[in-house]
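A quick write-up on the structure given underneath.
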Amino acid sequence: AAERFPGVREHRWQNLEECKNGDLPVPPKEARRVRIHESGDFFNQQYFDNWLAVCVSRPKDEFWAYTKSLLYWQRRIGEIPQNLQLTASYGGTHDDLIIKCGFKHCVVVNSLAEATFLNLPVDYNDDLARNPAIQGFALLENREGKKTETTAIELHNKRCISATAD
């Protein structure tokens, strides 16, 4: 949306600046399901902790987020509220924590065949991200002309090698 609508882009940059100053844009009270970040990620521990506090303050509302900022999650592993579903996205600098900590995770794949090879269901609408019973799933790369740098099959092989090396 930000690419097509300059006002959206401007609003997102304004939100980012507010967050850097310690303020969070508060979701409207009537919002019962809130995805944290349509794009972007947790940029420091305090920002991550602020979102935890928002979730705690609204226990009847559902929150979910994708993240590669796994160190912030690991530091608060026992403090994640029940109404927040975090999903680790493979491709970050601390992917080893996904297996080590047992984080719910997703893999971006270039095709349904890759998801099938990995034996992962594909999430088309965030239903799997929001579901606490789902531990792992795939997302289809949906940007025109964009392919993931490492195929999911290569990632699977790397994970199998690193998992057996431990």
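What you see below is based on every heavy atom in this structure, not just the backbone, and it leaves out hydrogens, waters and symmetry mates.
Below 30°, between 30° and 60°, or above 60°: for Tyr47 and Phe43 the angle between ring planes is below 30°, a parallel geometry.
A pairwise comparison of heavy atoms in Leu52 and Glu79 identifies CD1-O, 4.4 Å as the closest pair. The minimum heavy-atom distance between Thr87 and Cys106, with the atom names listed, is CG2-N, 3.7 Å. Closest non-hydrogen pair, Asp123 versus Ala129, comes out as OD2-N, 2.8 Å. In plain terms, the two heavy atoms of Ala88 and Ile98 that are nearest each other are CB-CG1, 3.7 Å. Taking every heavy atom of both residues into account, Pro59 and Asn83 meet most closely at CA-ND2, 3.7 Å. Leu140 approaches Ser111 most closely through the heavy-atom pair CD2-C, 3.6 Å.
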Verify side-chain contact (heavy atoms from CB on, under 4.5 Å) between Leu86 and Leu84, making sure each step is shown before the conclusion. CA-CA 6 Å; Leu86 294 170; Leu84 171 60; 4.1 Å; yes
For a salt bridge (charged side-chain N to carboxylate O under 4.0 Å, His left out) check, start with the C-alpha distance between Asp49 and Arg76, then their side-chain angles and the critical distance, and finish with the verdict. CA-CA 8 Å; Asp49 293 348; Arg76 302 294 184 263; 2.9 Å; yes
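A centroid separation of less than 6.0 Å is found between the aromatic rings of Trp73 and Phe103. The distance between the ring centers of His37 and Phe42 falls below 6.0 angstrom.
A donor-acceptor contact shorter than 3.5 Å is absent between the side chain of Lys104 and the backbone of Gly136. Side-chain atoms of Gln74 do not come within 3.5 Å of backbone N or O of Leu70 as any donor-acceptor pair. Asp95 places a side-chain N or O within donor-acceptor distance of the main-chain N or O of Gly91, the cut-off being under 3.5 Å.
Ion pairing between a basic and an acidic side chain is recognised when a charged N comes within 4.0 Å of a carboxylate O; Asp126 and Arg35 show such pairing. We find that Lys68 and Asp41 are not joined by a salt bridge, their nearest charged nitrogen and carboxylate oxygen being 4.0 Å or further apart. Using a 4.0 Å cut-off between a side-chain N of Lys or Arg and a carboxylate O of Asp or Glu, Glu62 and Arg32 do not qualify as a salt bridge.
Taken to the nearest 0.5 Å, the SG atom of Cys55 stands 12.0 Å off from the CD atom of Gln82. Rounding to the nearest 0.5 angstrom, the gap separating the CG atom in Asp61 from the CZ atom in Arg33 is 10.0 Å.
Residue Ile77 is grouped with residue Trp51 when hydrophobic side chains (ILVMFWY) are merged at heavy-atom distances under 4.5 angstrom, including chains of intermediate members. In the hydrophobic clustering of this structure, Phe48 groups with Leu71; members are Ile, Leu, Val, Met, Phe, Trp, Tyr whose side-chain heavy atoms approach within less than 4.5 Å, directly or through other members.
Annotation: side chain of Phe63 is in contact with side chain of Arg58 (closest heavy-atom distance under 4.5 Å). With contacts defined as side-chain heavy-atom distances shorter than 4.5 Å, the pair Tyr66/Leu139 qualifies.
Within a 6.0 Å radius of CG in Asn125, other residues, nucleotides and ligands contribute more than 12 heavy atoms.
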